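Accompanying notes for the structure given below.
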Amino acid sequence: MVESLIPVLAGAIAAATPLIFAGLGELIAERTGVINLGVEGMMLTGAIAGFAAAADTGYGAAIGLPVGAIAGAATAMIFAFFALSLAANQAACGLALTIFGIGLSAFVGQHYVSYSLPGLQPLAIPLLSDIPLLGPVLFKQDAVVYLSFIAFAGVAWTLSKTRLGLLLKAVGESPESAHAIGYPVLGIRYGAVAFGGAMAGIAGAYLSTVYTPLWVQNMSAGRGWIAVALVVFATWKPTRLLLGAYLFGAVTILQFHAQGLGIDVPVQVLAALPYIATIVVLVVISRDRRLLQLNLPASLGKPFLP
Amino acid sequence: MPPPDPRLQLLHITKRYPSVVANSDVSLTVMPGEIHAILGENGAGKSTLMKIIYGAVKADEGEIMWNGHQVAVANPAQARQLGIGMVFQHFSLFETLSVVENIALVLDEPFDLAALAVRVKAVSERYGLPLDPFRLVHSLSVGERQRVEIVRCLLQDPKLLILDEPTSVLTPQAVQKLFETLRRLSSEGVSILYISHKLHEIKSLCDSATIMRGGKVTGTAVPRDETPASMARMMIGRELPVCEAPAYTGEQKPVLEVRGLSLTSDDPFGTALADISLTVQSGEILGIAGISGNGQAELLAALSGENTVDREAIKLSGEAIGHLDAGQRRSKGLVFVPEERLGRGAVPSLSLARNALLTAHRKGMKQWGLVKYKKAWEFAEQCIARFDVRCGGPASAARSLSGGNLQKFIVGREIMLAPQLMIVAQPTWGVDVGASAVLRQTLLDLSRTGVAILVISEELEELFEISDRIAVLAAGKLSAAQPKAATNAESVGLQMSGLFNATAKPTESSHAPA
């Protein structure tokens, strides 16, 4: 019985990986008070840039991921210029960015449709992968999954233990105060948005070069939106974000298995399950309004000009 | 031996904004260890000048000399390096961070919270400013938050400390403690720039004073040798206005009765109200003292009807109204002047005529659901004339008025509705001395026509000037209201700190308006 769970759980971890990258990036941006609804768009530009680089050079994900990160960050800078420097409405800019990303990736991607890449082989970590159950689930994955563990630990550690983390929180809490004591609020927000873009780009490039290594138009399939929702419902805490992402991953894999078993439920309903399950569980967890408000970056969505 | 170089010298500082000259040819000198007052009204240019010294604003002309050398302070970090510390009027603290985290953010040194906490504790005890380094700032009282700001400056070993209106939110006892700390710092050689418009404080604390009006220096003085009246003349250009409170001779009946009002706050940073009871009679002003954040916002929301409560908890002239919303309560003659003039009392971008409509639409300005704009226009015109609102007429946008004039318009609008009860929050917050006096007199006159008035204010002097009885709201609890003659600023101050049964000995000076 337990043995048969291993592929499900291992699949869940991989399915959650793009959400972890995109969510952690958005979490950092939102901690500084900037809500970037363009995650879906940034994932797609990262996905096509990474795919194109991998396909054209033949180096695969090793080149696809960094190129995806750069493309995501560059896309984020469009958002940052309007939403930060020009203090435009963040929600509107983010929505526009998503539409832009969908269009641009489809346009560039038309040369790559039905082109496929080799992907990445799982990399078993010695000793750790021998642990019963946990070993094969966590430590017989591809290298990018390990990178997501490191990214999570890095973000969590930075936020709770470092001066930089404190500064990010401070800017999101009160940009006026941060400015008054002499911090470059816009510069910090630019940095956070760029980080968010790079992480979304990595998430997209992971999808297109590793997870399903072929180009399909609009292949992020709403995962960018789930990442945005995860950040809010995780009350801006990395650990909850991680759990939410794994929940999404688990339901994604389970519904594939359900489809395989030929359960008499329309495929569309099954495909919608991970989205529904994640939202419902997170809403229930975060229904404590006080907790939500206590962690909410007070300046979230409000433009600041010094 | 030659005299030491001045710690700070400002020479001919000028700062222009598009619509106003904030500082014009301002010069001043502060010696080491000197406590120097900058005295002036709201809008006199004090805060701009301090921001120039602290590097947050750049002067258009003029020089800054620091210990005898010319310096250009480009940003606050550089000011801190020079040894300039600033305690802001509206604190620059982060509510969801702890005390020590807030302090760590301004210190230019390796990040080690545990070691810093030890130092925070040591410095805070040395200067009589007790603080728990690990408390979250949102759980601190206003006085404690100010301590955080001061300790934060002291840890940087400042040579000059700037305090912007530091006592506006403190109890009289906390003010005395602050003054002890400042005197001690001054005796250790730290210069202090003390910005205030409170004359008696400056007289008791400061060695010298620079007085500003309309962006210019109008005089310098040694406060010890001056009287409050002579400094007031330099500050506002004329005598300090005083209010007259004639006795009320009409019929006395309870208009507002609150019994056992309890309310939990929706806001995680809010204060719950515990068993509040009060009565306001016709023809009297009941003042509620206390520092904001002790349940003021919650009490106002419950009384105005923004939050509804138990039906029987609030009665207006004997009728239970606790369950009614704000509009229904207004229809019954309860009017409310909120603390935030722009955004709550008036819509900033709308004209005065349309702002009049917001609450006065009950006065025959609607017919079959349509608005009669002509009536609103006339109403606004009358209000402007009757209450001497300086503006460009009923078409001016609310945001174009000065704080004092907008407040006159809002209070006037409510008075013209012929209420039986008026609830006012911070009636003169951010209003200049002249308009404040007019507003206070307006409230006094209104009450003597038989209207019941409830005033919630942080300004003790104001409450002692206009109230007939005074109660204190602290930590969500309301003390029993005392006739003004039976209490004084000291005992009210103690109650503001939450010590309800404590009373201080009345002294002669405590009633005197500053």
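Remember, it's a predicted structure, so these values are computed and weren't measured experimentally.
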Output, in order, the C-alpha distance, side-chain angles, deciding distance and verdict of side-chain contact (heavy atoms from CB on, under 4.5 Å) for Ile291(B) and Glu458(B).
CA-CA 6 Å; Ile291(B) 289 160; Glu458(B) 285 188 325; 4.0 Å; yes
Please classify the contact between Ala178(A) and chain B as side chain, backbone, both or neither, with a heavy-atom cut-off of under 4.5 Å.
both
Heavy-atom count check: over 12 atoms from other residues, nucleotides or ligands less than 6.0 Å from Lys15(B) NZ?
yes
Check each atom of Leu97(B) against the heavy atoms of chain A and say whether the ones under 4.5 Å are side chain, backbone, both or neither.
side chain
Assess the side chains of Trp236(A) and Glu30(A): does a donor N or O sit below 3.5 Å from an acceptor N or O?
yes
Which bit of Leu107(B) is near chain A, if near means a heavy-atom gap under 4.5 Å: side chain, backbone, both or neither?
backbone
Specify which of His179(A), Glu176(A), Arg163(A) makes the most heavy-atom pairs with chain B at under 4.5 Å.
Arg163(A)
Could you verify whether a donor N or O on one side chain and an acceptor N or O on the other, from Ser220(A) and Glu40(A), lie under 3.5 Å apart?
yes
Taking every non-hydrogen atom, the tightest pair across Ile38(B) and Met50(B)
CG1-CE, 3.8 Å
From the list Pro76(B), Ala79(B), Ala56(B), the residue making the most non-hydrogen contacts under 4.5 Å with chain A is Pro76(B)
